[in-house]
J.: 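One structure, as structure tokens, below. Some questions next.
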Amino acid sequence: MQTLDVIVHSISLTSATSRSYELRAAAGGTLPSFEAGAHIDVHLGPSLIRPYSLCNSPQDNGRYLICVRRDDAGRGGSRTLHHDLTVGRRLRISPPRNHFPLVAAERHVLVAGGIGITPLLSMAEALAARGASFVLHHYTSSAAETPLLERLQSSVFGERTVIHHSDQGDSIRTGLPAELLVPEPDTAVYVCGPDGFMTHIVTETTAAGWQPGQLHTERFTPAAPPAAADEGAGEFTVRIASTGIGYAVPADRTIADVLTAHGVEVELSCEQGICGACLTPVLDGEPDHRDEVQTPDERAAGDRITICCSRARTPELLLGL
Ligand code: FES
């Protein structure tokens, strides 16, 4: 597993409940370049690895900026960051990985809910730098709960940013942004935010006539809890191409669980099928995809599987490990 050593260079409060963390290479110099929409996995403990979107400009190659909202009811990543991380702390991170890229289009509509602003802010920076046509909508509960508000207001694309607060009666439930009411050809729509927010936008835009290929989404939580391993799938075998060894995956365990228990090194991060860290080549057999990260075309190709949550439709899968 390739990792990078970084240092927490600075920490800033970016709303009542969110902080941004500026990471720089521990050895000095630049960090690997990244595309807008990319995320990194932050290693916070032996079994605590969490993905966070980069929210700075991709042209900014000396640092990575992540912004994290504290979620006391979450799985522990944001609490650890908020409570334990101090300036000067060394961290291990993955190189940037992108499953939410900008696509070629005449016009781009970016719609963020809450902390979902992070990848979209990096996209707005990239689009502004190339002189592209875009608008950014940011929906939050209130001004105090708006992550990165000052940066948005002072950015070069401030006049193309529309901020909505539900405590002012302006929420996504009161109506879609004007740019989404009527489908426009050659326009790409990007949505990131809480599950209900995203489901609402996808449902409404689809009903308005937008085509699935125009809608690009990234989730921070699965749309529905990952199906229990024993729902709809029995035992199957995963075979490792490099060793020829096969391992039985019972109905109540994931492929990743089984491989890790047998000492096979695998890459994991969210363990919820939303980050893509565990995507593994499939050389034979048919995956039963249960992730949120692959596109319909990628799923249909069946040549990669998220081993943290997906299963098999055939008695055996041959994995390119
Ligand atoms: S670890 Fe994130 S998709 Fe599997």
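Just follow the structure's listing: the first ligand is 1, and inside any ligand the first atom is 1. Any value given below was found using the heavy atoms of this structure, including those in side chains, with hydrogens, waters and symmetry copies removed.
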J.: Are there more than 12 heavy atoms of other residues, nucleotides or ligands under 6.0 Å from atom CD of Glu150?
T.: no
J.: Using the six-membered ring wherever Trp is involved, compare the ring planes of His82 and Tyr21 and label them parallel, tilted or perpendicular (cut-offs 30° and 60°).
T.: perpendicular
J.: Please walk me through it: do Thr17 and Glu145 pass side chain to side chain donor-acceptor pair (under 3.5 Å)?
T.: CA-CA 7 Å; Thr17 52; Glu145 288 286 355; 2.7 Å; yes
J.: What verdict does the salt bridge (charged side-chain N to carboxylate O under 4.0 Å, His left out) test give for Arg97 and Asp41, after you've listed the backbone C-alpha separation in whole Å, the side-chain angles of each residue and the deciding distance to 0.1 Å?
T.: CA-CA 9 Å; Arg97 169 186 306 122; Asp41 298 325; 2.7 Å; yes
J.: Give every protein N, O or S atom lying under 2.8 Å from atom 2 (Fe) of ligand 1, naming each by residue and atom.
T.: Cys270 SG, Cys275 SG
J.: Just by distance, do the side chain of Arg24 and the backbone of Arg63 share a donor-acceptor pair under 3.5 Å?
T.: no
J.: Got a donor-acceptor contact below 3.5 angstrom from the Thr161 side chain to the Phe157 backbone?
T.: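 It does hold such a pair.
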